[in-house]
Peer 1: 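Have a look at this one before I ask anything.
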Amino acid sequence: MTSRGSEHDEHDEHDRGGAAPDPGAAPPRAPGAAEVVFGERLPLAERFVQCLATTGVTHGLIGPREVPRLWGRHVLNCAVVAELVPRGAAIIDVGSGAGLPGLALAIVCPTSEVHLVEPRRRATDWLTATADAVGLDNVVVHHARAQDVVGTVVAPVATARAVTRIGQLAQWCAPLTSAGGTLLALKGASAATELDEDAAVLRSAHVVDHEILRCGLEVLETPTTVVRLHLADDHQPGIAVVPEGSGPRRGRAGKGRRRPSRS
């Protein structure tokens with residue numbers, strides 16, 4: 001199963017400490033950077049933040065103490081990763097949880113089909129309802145582990161945030177990613193150490209190059225750290241890259257739920 005919260009870093013949206021927010025309180029106002037990042041789609045981003053601040057908390061997907069910093073620490077932190085997504089490229093977001101980065105990217109990349117892969121029913125129900133509330137028609141929600149959609153879903157870009165170590169993440173995502181595709185892992189201070197320690201695992205997942213990049217340099221006070229892994233041009237998606245029982249494998253395909261088209 002996709003593991004969430006297995007590492008605690010600056011992106012963790014599951015800090016549930018502190019008092020519960022006032023259910024009648026307004027969500028935080030959009031900062032100036034939000035208009036720069038989202039442009040004319042800012043109203044959709046504001047609806048997303050509204051959902052995160054209310055039902056996202058009551059569903060246990062966002063910690064109450066995170067509500068005042070939803071824009072800077074979470075939504076904008078994820079949305080700026082669109083800088084690394086080719087226009088119109090499909091995206092698979094593994095361990096989607098509260099839609100970070102998946103729903104944020106679906107808002108800022110309207111021509112990209114975004115697949116949200118998440119094993120927890122309460123989370124997939126929330127993702128489906130939130131995509132509808134926000135008004136997104138480019139989202140497909142899969143109630144499944146990454147292992148379970150191997151051979152069913154493939155895209156040139158895979159994303160993940162605060163899911164697991166970079167080596168394990170590559171093993172899960174490589175079978176879902178096209179030849180020559182990229183995995184964008186939002187990471188904290190552990191990025192360089194993990195790349196060094198997991199080098200052999202990355203090679204087994206057909207990773208041929210990697211970079212540590214900073215996104216949102218011109219708009220965010222704290223830019224987003226992203227590890228970009230490049231897969232080999234002769235990589236074959238749909239094939240598990242580790243033995244049975246120790247990582248991704250072929251299995252039951254999770255059912256994808258597409259948001260209805262909107263005219």
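All heavy atoms count here, side chains included; hydrogens, waters and symmetry mates do not. This one's a predicted model, so the numbers in the text were calculated from it and none came from an experiment.
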Peer 1: If only side-chain N and O atoms count, and only distance matters, is there a donor-acceptor pair under 3.5 Å linking Ser96 with Asp93?
Peer 2: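 Checked: Asp93/Ser96 side chains pair up, N/O donor to acceptor below 3.5 Å.
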Peer 1: Is the closest side-chain donor-acceptor distance between Ser190 and Glu194 under 3.5 Å?
Peer 2: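 Yes, a side-chain donor-acceptor pair sits under 3.5 Å.
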Peer 1: Restricting to non-hydrogen atoms, name the atom on Phe48 and the atom on Ala98 that form the minimum distance, rounded to 0.1 Å.
Peer 2: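 Nearest pair, atom of Phe48 first, then Ala98: CZ-O, 3.6 Å.
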Peer 1: So which atom in Ala174 and which in Ala205 form the shortest heavy-atom distance, rounded to 0.1 Å?
Peer 2: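 Nearest pair, atom of Ala174 first, then Ala205: CB-O, 3.5 Å.
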Peer 1: Tell me, yes or no, whether the heavy-atom count around Glu197 atom CD, taken from other residues, nucleotides or ligands under 6.0 Å, exceeds 12.
Peer 2: yes
Peer 1: Using 30° and 60° as the class boundaries, would you call the ring planes of His59 and Trp126 parallel, tilted or perpendicular?
Peer 2: tilted
Peer 1: Quick one about Gln236 and His206 (side-chain donor to acceptor, distance below 3.5 Å, no hydrogens or angles considered), yes or no?
Peer 2: no
Peer 1: Looking at Leu184, Leu183, Leu169, which one forms a side-chain contact (heavy atoms from CB on, under 4.5 Å) with Leu229?
Peer 2: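 For Leu229, the side-chain contact (heavy atoms from CB on, under 4.5 Å) check succeeds only for Leu183.
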Peer 1: Which heavy atom of Cys173 sits nearest a heavy atom of Ala158, and at what distance?
Peer 2: CB-CB, 4.1 Å
Peer 1: Decide whether His143 and Arg121 meet the rule of one side-chain donor and one side-chain acceptor closer than 3.5 Å.
Peer 2: yes
Peer 1: Under 6.0 Å between ring centres, would you say that holds for His142 and His115?
Peer 2: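 Yes, the ring centres sit under 6.0 Å apart.
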Peer 1: Hey, are Asp148 and Arg145 close enough for a salt bridge, meaning a charged N less than 4.0 Å from a carboxylate O?
Peer 2: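 Between Arg145 and Asp148 there is a salt bridge, with a charged N closer than 4.0 Å to a carboxylate O.
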